[in-house]
**Q** 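One structure coming up, written as structure tokens, with questions to follow.
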Amino acid sequence: MIAERMTIAGRDGLPVYGLWIDGKAVEGAEPVLVRNKFTGEPMAWVCTASREDVDRAVSAAERSFRSRPLSPFERYEWLSAAATWIRARREELVNLLVDEVGKPHKDTVVEVDRAYHAMLLAAEEAKRIGGEVLPVDSIPGSERKMGFAIRVPLGVVAGITPFNYPFLLAVHKIAPALAAGNAIVIKPAPQTPISTLVLVQGLVECGGPPGHIQVIQGGAEVGQWMLEHPGFRFYTFTGSARAGERIKAGTGLRRVALELGNSSPNIVHSDADVVRAVRICAARAFSAAGQACISVQRLYVHAPIFDEFVERFVERVRDLKVGDPRDPKTDVGPMISEQDAVRAETWVREAVAQGARLLAGGTRDGAILEPTVLTDVRPEMKVVCEEVFAPVVTITKYNTFDEALAMANDSPYGLQAGLFTRDVGRIMRAARELQYGGLIVNDASTYRSDLVPYGGVKGSGIGREGPKYAIEEMTDLHVVIVDLTEEGEDR
Ligand SMILES: NC(=O)c1ccc[n+]([C@@H]2O[C@H](COP(=O)([O-])OP(=O)(O)OC[C@H]3O[C@@H](n4cnc5c(N)ncnc54)[C@H](O)[C@@H]3O)[C@@H](O)[C@H]2O)c1
Ligand SMILES: O=C[C@H](O)CS(=O)(=O)O
């Protein structure tokens with residue numbers, strides 16, 4: 001799938017994608033080659049932005065925001081047309097993403113379908129941006145006053161996205177920003193910029209003001225220039241905790257939403273349906289090669305079912321089909337790069353050297369790390385206490401539910417957790433006591449609904465995503481208080 005409008009030239013038979021600034025594709029710095037993550041074949045050349053390009057993009061977005069304000073209905077029409085555009089190109093988008101990310105076809109179909117729904121949800125929310133009536137008259141002395149609050153767009157929003165769900169997460173940034181009435185400058189991850197360019201081409205084709213979205217490609221350096229630019233009113237970032245901390249430190253008093261990493265715990269209690277828990281966890285620990293912030297990473301299994309769970313789990317893992325992500329039957333494909341796979345393999349070896357037992361996997365072929373299961377792990381091992389972001393899962397036995405909650409909470413992160421139990425008392429305890437932004441009961445931590453407030457506590461970030469909640473973050477609340485005293489009334 002080619003983003004024709006984003007193309008500035010051809011080179012070696014491949015498109016050269018420019019930056020998308022002020023409604024046209026423009027040349028940036030020397031293009032970088034983006035490769036197919038499984039075959040290694042070249043896909044396209046993509047220009048990167050200079051600091052001047054960042055300035056140009058922000059100025060163009062600001063001009064478009066000022067000169068072409070969109071009514072809520074116009075925003076609704078634009079974004080619903082974009083949702084239809086995504087649905088109509090589902091298969092093409094899936095194929096592009098499979099090549100660009102290396103994520104298996106079956107997981108990528110889910111990404112594209114969710115992107116469609118996220119776009120549609122944002123379109124619908126554009127018509128529901130209300131405010132609040134404030135009971136100012138309830139304070140003695142203010143009986144003749146009435147108050148209300150309205151939501152107004154901020155101006156230019158900065159969006160920075162990671163490599164792992166590049167299409168869906170670009171939709172989660174762009175769609176609410178536009179639905180809220182803002183303009184946005186988006187920077188995709190350097191490993192996966194093409195799908196964002198294609199998405200923006202789709203939005204442009206759907207008829208909104210092209211200057212409302214600018215795309216600047218590049219890595220951390222371009223991200224840093226974005227942080228330093230005073231023209232941004234808000235930063236919406238998804239990525240690692242390390243980059244998130246830099247963003248928070250670099251944006252001063254400006255608002256940020258940070259969707260960061262996790263080391264997702266999943267508790268399986270003895271009253272749960274063990275067979276179902278095994279099936280779900282064995283799939284969700286390895287989908288997207290474990291490169292999802294809510295991937296099942298730490299499994300805590302109740303002692304009475306521990307042996308049965310482990311046996312069934314390992315059996316299931318051995319049946320996973322590993323290899324070519326283009327094959328619809330493949331469960332586990334390559335990681336984003338060989339370097340990332342080497343890093344995860346090293347962590348596994350280190351854990352084994354420290355006493356962990358390897359029950360499956362642990363071997364690597366290029367960027368493909370076999371689905372890996374470890375037990376006898378300790379909290380201080382990297383595979384437990386850090387975000388592994390790879391097809392690696394640890395299984396630990398617990399005796400009491402208190403112990404399970406404590407182990408799950410023993411993490412700097414707090415994005416989502418999973419719990420398998422039939423007991424409502426345990427569900428409610430976990431809901432209160434687990435220090436996580438989301439708890440998924442009788443499904444894995446990896447489930448995400450695109451309409452709920454999604455985000456983390458502790459080291460997993462700040463703010464909430466999901467169109468309705470992102471729109472709240474991407475608007476200012478202006479309070480109006482009107483004195484209704486009539487002429488002569490208070491003389
Ligand atoms: N919480 C969530 O919703 C969520 C979703 C997806 C991924 N993630 C997290 O993303 C990480 C994996 O993605 P990644 O490797 O692309 O993350 P990353 O932090 O390396 O990069 C993410 C984006 O930030 C940019 N960036 C890097 N350093 C920057 C800086 N100093 N200033 C500004 N921008 C900077 C990158 O170029 C990229 O566009 C994992 O930690 C994962 O948990 C979180
Ligand atoms: O990587 C973490 C993401 O939140 C996964 S998802 O795109 O939201 O499913």
Side-chain angles (χ1 to χ4, degrees), residues 32 48-49 54 97 101 103 107-108 110-115 117-118 158-173 186-193 196 215-229 232 235-251 256-264 284 287-297 335-337 339-340 343 386-390 412-416 436-438 440 444-466 470:
V32 172
T48 52
V54 177
L97 279 159
V101 187
K103 193 156 55 191
D107 297 330
T108 307
V110 175
E111 175 173 0
V112 172
D113 287 349
R114 284 181 52 200
H117 285 291
I160 302 178
T161 50
F163 72 79
N164 63 332
Y165 282 77
F167 192 72
L168 171 62
L169 296 174
V171 170
H172 267 296
K173 309 286 179 227
I186 186 129
K187 190 197 82 57
Q191 303 96 319
T192 53
T196 299
V215 193
I216 49 176
Q217 294 90 243
E221 190 181 31
V222 177
Q224 185 62 36
W225 293 331
M226 290 172 81
L227 304 187
E228 289 164 15
H229 201 293
F232 290 113
Y235 290 84
T236 169
F237 171 80
T238 300
S240 61
R242 199 174 41 174
E245 275 177 29
R246 293 221 180 108
I247 288 169
K248 182 141 187 303
T251 48
V256 292
L258 303 174
E259 299 289 340
L260 311 177
N262 200 30
S263 161
S264 311
R284 297 288 148 242
S287 53
Q291 299 169 118
C293 49
I294 43 185
S295 190
V296 175
Q297 177 174 337
M335 290 180 60
I336 194 68
S337 72
Q339 196 189 340
D340 285 84
R343 189 262 312 152
E386 297 201 17
E387 179 183 46
V388 71
F389 222 60
Y413 294 112
L415 184 52
Q416 277 200 169
Y436 285 83
I440 310 298
S445 56
T446 321
Y447 176 81
R448 176 179 175 186
S449 160
D450 293 291
L451 66 79
V452 304
Y454 175 78
V457 302
K458 293 168 45 183
S460 287
I462 297 170
R464 290 294 179 267
E465 209 164 63

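The first residue in the sequence is number 1, and the count goes up from there. Quick caveat, the model's predicted, so the values are computed rather than measured. Ligands are counted one by one from 1 in listed order, and the atoms in each one are counted from 1 as well.
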**Q** Does any non-hydrogen side-chain atom of Ile216 lie less than 4.5 Å from one of Trp225?
**A** no
**Q** Give a yes or no on whether Glu228 atom CD has more than 12 heavy-atom contacts from other residues, nucleotides or ligands under 6.0 Å away.
**A**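 Counting other residues, nucleotides and ligands, CD of Glu228 exceeds 12 neighbours.
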**Q** Between ligand 1 and the protein, find all N/O pairs closer than 3.5 Å and give the distance for each.
**A**
unit_1	atom_1	unit_2	atom_2	d
ligand 1	1 (N)	Leu260	N	3.3
ligand 1	1 (N)	Leu260	O	2.7
ligand 1	10 (O)	Gly239	O	3.4
ligand 1	16 (O)	Phe163	N	3.2
ligand 1	19 (O)	Ser240	N	2.8
ligand 1	19 (O)	Ser240	OG	2.6
ligand 1	37 (O)	Lys187	NZ	2.8
ligand 1	39 (O)	Thr161	O	2.7
ligand 1	39 (O)	Lys187	NZ	2.8
ligand 1	41 (O)	Glu387	OE1	2.6
ligand 1	43 (O)	Glu387	OE1	3.3
ligand 1	43 (O)	Glu387	OE2	2.4

**Q** Do Thr238 and Glu465 touch side chain to side chain, with heavy atoms closer than 4.5 Å?
**A** yes
**Q** Looking at side-chain heavy atoms only, is the closest gap between Met335 and Phe389 below 4.5 Å?
**A** no
**Q** Mind checking what makes side chain to side chain donor-acceptor pair (under 3.5 Å) contact with Asp450, not counting sequence neighbours?
**A** Arg114, His172
**Q** Establish, from distance only, whether the side-chain atoms of Thr236 and Lys173 form a donor-acceptor pair under 3.5 Å.
**A** yes
**Q** Checking Thr161 now: which residues fulfil side chain to side chain donor-acceptor pair (under 3.5 Å) with it, not counting sequence neighbours?
**A** none
**Q** Answer whether the closest heavy-atom distance between the side chains of Tyr413 and Glu387 falls below 4.5 Å.
**A**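 Tyr413 vs Glu387: side chains touch.
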**Q** Assess Arg464 against Tyr454: is NZ or CZ under 6.0 Å from the centre of the six-membered ring, and within 45 degrees of the ring's axis?
**A** no
**Q** Using a strict cut-off of under 4.0 Å between a residue heavy atom and any atom of ligand 2, list the qualifying protein residues by chain and number.
**A**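 Close residues (ligand 2, cut-off 4.0 Å): Arg114, Asn164, Tyr165, Leu168, Leu169, Ala292, Cys293, Arg448, Tyr454.
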